[in-house]
Amino acid sequence: MSGSDRGSPFAPHTASETTAMLEAVGVDSEEALFDIPEEIRFDEEFGIEPRGEREIRREVQLHLDRDDDLTAFLGRGHYDHYVPSMVDHLADRSEFLSSYTQYQPEVAQGFLQALFEYQSLLVELTGLEIANCSMYDAASALGEAATLALRARSVDGTRILVPELLAEGRRAVLENYLAGTDAVVESYPMDDGNADREVLAETLDEECAMVYAENPTVRGTIEEGLSEVGDLADENGALFCLGSDLVALSLLEEPASIGADVVVGDAALGLGASGGLGLGLFATREKFLRQVPGRLVGAGEDSSERRAYTLTLQTREQHIRRERATSNICTNQAWVALRAAMHAAWLGPDGLVNLAGDCVTNARDLAGQLDAIDGIDAPAHDRHHFREFAVRTDRAATEVRADLEDEGFAVHAIDDHLVQVCVTETNAEQVEELAEAFEVIA
């Protein structure tokens, strides 16, 4: 609405123009254009007593003090790694924090260079040639990988195969992405936590467009035969998509070496576990360059022959491609990608590998402690694990979870007699107390 005859930069219609348009459509006010139920219509009163900052801070603290103080051993796609204060201090600089999309390279060289370094980091870890600036999260990256597979000229099928065990919501997002297409999402079974490659071989045919696997899996197991999965996908003309994260990629098999065409996942660096907000990874082979969703930062030279960075490829629908766009992703997680790149640079190559090594040994050691307790079988899957593992309990999993919560610990209940535990450097010092709590409630 505009009460001015001059309009404004944000609502350019003048009062007289607005009146003319309302008369043309036959209503008296702009509010009449909207059917807002009375029960949710704003009545000009918030019902909040005005208070000063000190009083509000005290009341908020009172509410926070009522919350349970739990030590979280939660994972399943949301991982809490220690984020150094350097990341907060640098990422909170105004030129980063207030920056939107870097459409003007002449004033955004610093941010563009940081994103180029992020892409370079992902290329080095995956062995694939192309990585984009970021995606929303792992689920949307998986959806974009599936639509890329359907667009690829080398693929004819419409079946998308995913593991039977998949993180909550990930399959739902994938199916939502594929709604309105001929594609169908099907699952293949798991064998003791990992892909059942024999059944997968029988399931695959020329109607498959993409095969998706994860390493580590949602239950923390490390897949041992991914090159065979890659070969099976290739033999049937399907793309092989691998889900992982930046920490795991520093230690596990390089995706390109096992035949992966696309790598997706969550960064697991730069942010503590929020239970939601993350950073989606997306890397692929150069032959799919024109099918990559989102944006790519490229390096070149300016008129003075100095190294310069710019947004090289933007294939979303708001730009000139319109109906030929590869994706409707209309922003990205550039600031979170910046944080992930800072975190990785702070760790360095050796630090990243050491962190990944701890994810293996910490999980192995805790599983050994729990396995010694009567009524507990850990890990439930006879596999190597990364960060997390399933625990089989004689008691009902929901009861075990509730009793552990009473003892001050949060874990996942994932089946009738399965709970899942995740250990990182942020909770590793509490594993002894967790083991004691298991012994009390087992």
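Positions are given from 1, in the same order as the sequence printed here.
I376 approaches A442 most closely through the heavy-atom pair CG1-CB, 4.2 Å. When every heavy atom of L370 is checked against every heavy atom of A435, the shortest pair comes out as CD2-CA, 3.9 Å. Summarising the geometry of I160 relative to A183, their closest heavy-atom pair is CG1-CB, 4.5 Å, with the distance given to 0.1 Å. R285 approaches G259 most closely through the heavy-atom pair NH2-C, 3.7 Å. Listed here is the closest heavy atom pair of T310 and P105: OG1-CG, 3.8 Å. A pairwise comparison of heavy atoms in A195 and E223 identifies N-OE2, 2.8 Å as the closest pair.
Residue H384 qualifies as open at atom NE2: its count of foreign heavy atoms under 6.0 Å is 12 or below. Sparse packing is recorded around CD of E198, with 12 or fewer heavy atoms of other residues, nucleotides or ligands lying under 6.0 Å away. The local environment of CZ in R41 is crowded, with over 12 non-hydrogen atoms from other residues, nucleotides or ligands closer than 6.0 Å. The neighbour count for E106 CD, taken as heavy atoms of other residues, nucleotides or ligands under 6.0 Å away, is above 12. Within a 6.0 Å sphere centred on CD of E45, heavy atoms belonging to other residues, nucleotides or ligands number 12 at most. More than 12 heavy atoms of other residues, nucleotides or ligands shown are found within 6.0 angstrom of CG on D192. More than 12 heavy atoms of other residues, nucleotides or ligands sit less than 6.0 Å from atom CZ of F42. Heavy atoms of other residues, nucleotides or ligands lying less than 6.0 angstrom from CG of D374 number 12 at most.
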For this session: Check the pair L125 / L246 against side chain to side chain contact (heavy atoms under 4.5 Å, CB included), numbers first and verdict last.
Result: CA-CA 7 Å; L125 288 172; L246 294 179; 3.8 Å; yes
For this session: May I have the step-by-step check of side chain to side chain contact (heavy atoms under 4.5 Å, CB included) for L128 and F282, ending in yes or no?
Result: CA-CA 10 Å; L128 300 172; F282 196 99; over 6 Å; no
Problem set entry | Derivation and outcome, side chain to side chain contact (heavy atoms under 4.5 Å, CB included), residues Y212 and L142 | CA-CA 9 Å; Y212 176 62; L142 175 58; 3.6 Å; yes
Problem set entry | Audit row: T147, T181, side chain to side chain contact (heavy atoms under 4.5 Å, CB included) steps and yes/no | CA-CA 9 Å; T147 56; T181 72; over 6 Å; no
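The shortest distance between side-chain heavy atoms of F73 and Q430 falls below 4.5 Å. Contact annotation: the side chain of L70 never approaches that of F409 to less than 4.5 Å [non-hydrogen atoms, C-beta and beyond]. You'll find the side chain of R395 reaches within 4.5 Å of the side chain of I441, heavy atoms only. Counting heavy atoms from C-beta on, the side chains of V419 and I414 never come closer than 4.5 Å. Looking only at side-chain heavy atoms (C-beta outward), V421 and F438 come within less than 4.5 Å of each other. Between L90 and M86, the closest side-chain pair of non-hydrogen atoms falls below 4.5 Å. Taking the side chain as every heavy atom from C-beta outward, P189 and V199 approach each other to under 4.5 Å. You'll find the side chain of L239 stays beyond 4.5 Å of the side chain of V211, heavy atoms only.
A side-chain donor from one of E144 and Y177 sits under 3.5 Å from a side-chain acceptor of the other. Side-chain contact annotation: R401 with H412, donor-acceptor N/O pair under 3.5 Å absent. Side-chain contact check for R387 and H81: at least one donor-acceptor pair (N or O, by modelled atom type) lies under 3.5 Å. One side chain, T221 or N194, offers a donor N or O that lies under 3.5 Å from an acceptor on the other. With hydrogens and angles left out, the side-chain atoms of Q369 and D365 include no donor and acceptor closer than 3.5 Å.
Applying the salt bridge (charged side-chain N to carboxylate O under 4.0 Å, His left out) test to residues at least two apart or on different chains, the pairs with a partner in residues 70-89 are R76-E168, D88-R339.
Residues E55 and R58 are not paired through a salt bridge, judged by the lack of any N-O separation under 4.0 Å between the basic side chain and the carboxylate. With respect to the salt-bridge test (charged N to carboxylate O, under 4.0 angstrom), the residues R383 and E224 qualify. Using a 4.0 Å cut-off between charged side-chain N and carboxylate O, R197 and D191 make no salt bridge. Here R159 pairs with E186 in a salt bridge; the nearest charged N to carboxylate O distance falls below 4.0 Å.
With N427 contributing its side chain and V423 its backbone, the two residues share no donor-acceptor pair below 3.5 Å. Counting only distance, with no hydrogens or angles, the side chain of T312 and the backbone of G298 share a donor-acceptor pair below 3.5 Å. Between the side chain of E129 and the main chain of E286, a donor-acceptor pair closer than 3.5 Å is present. Under the 3.5 Å distance criterion, the side-chain polar atoms of R364 are left unmatched by any main-chain donor or acceptor of F386. The backbone N or O of N215 sits less than 3.5 Å from a side-chain atom of S244, completing a donor-acceptor pair. Side chain of W335 to main chain of A91: a donor-acceptor pair is present (N/O by atom type, distance under 3.5 Å, no hydrogens or angles). S227 places no side-chain N or O within donor-acceptor distance of the main-chain N or O of I258, the cut-off being under 3.5 Å. A side-chain donor-acceptor contact under 3.5 Å links N132 to the backbone of P293. In this structure, the side chain of N354 engages the main chain of D350 through a donor-acceptor pair within 3.5 Å. Using modelled atom types, one side-chain atom of H343 and one backbone atom of Y82 make a donor-acceptor pair closer than 3.5 Å.
Y118 contributes atom OH, which lies 14.0 Å from atom CE of M342 (distance to the nearest 0.5 angstrom). Taking CG of D415 as the reference point, atom CD of Q420 lies at 11.0 Å (rounded to 0.5 Å). Note that CZ of R171 and OG of S187 are 5.0 Å apart. Values are rounded to the nearest 0.5 Å. Separation of atoms CZ (R57) and CZ (R51) is listed at 14.5 Å; rounding is to 0.5 Å. M210 contributes atom CE, which lies 6.5 Å from atom CG of L174 (distance to the nearest 0.5 angstrom). Once rounded to the nearest 0.5 Å, the distance linking CG of L122 with OG of S134 reads 10.5 Å.
Evaluated for a side-chain contact (heavy atoms from CB on, under 4.5 Å) with L355, the options T424, L251, V247 yield exactly one hit, V247.
Note: F96 and F111 have perpendicular aromatic rings, judged against thresholds of 30 and 60 degrees for the angle between ring planes.
Under the rule for a side chain to side chain contact (heavy atoms under 4.5 Å, CB included), the partners of R392 that lie at least two apart in sequence or sit in another chain are D377, A380, L418.
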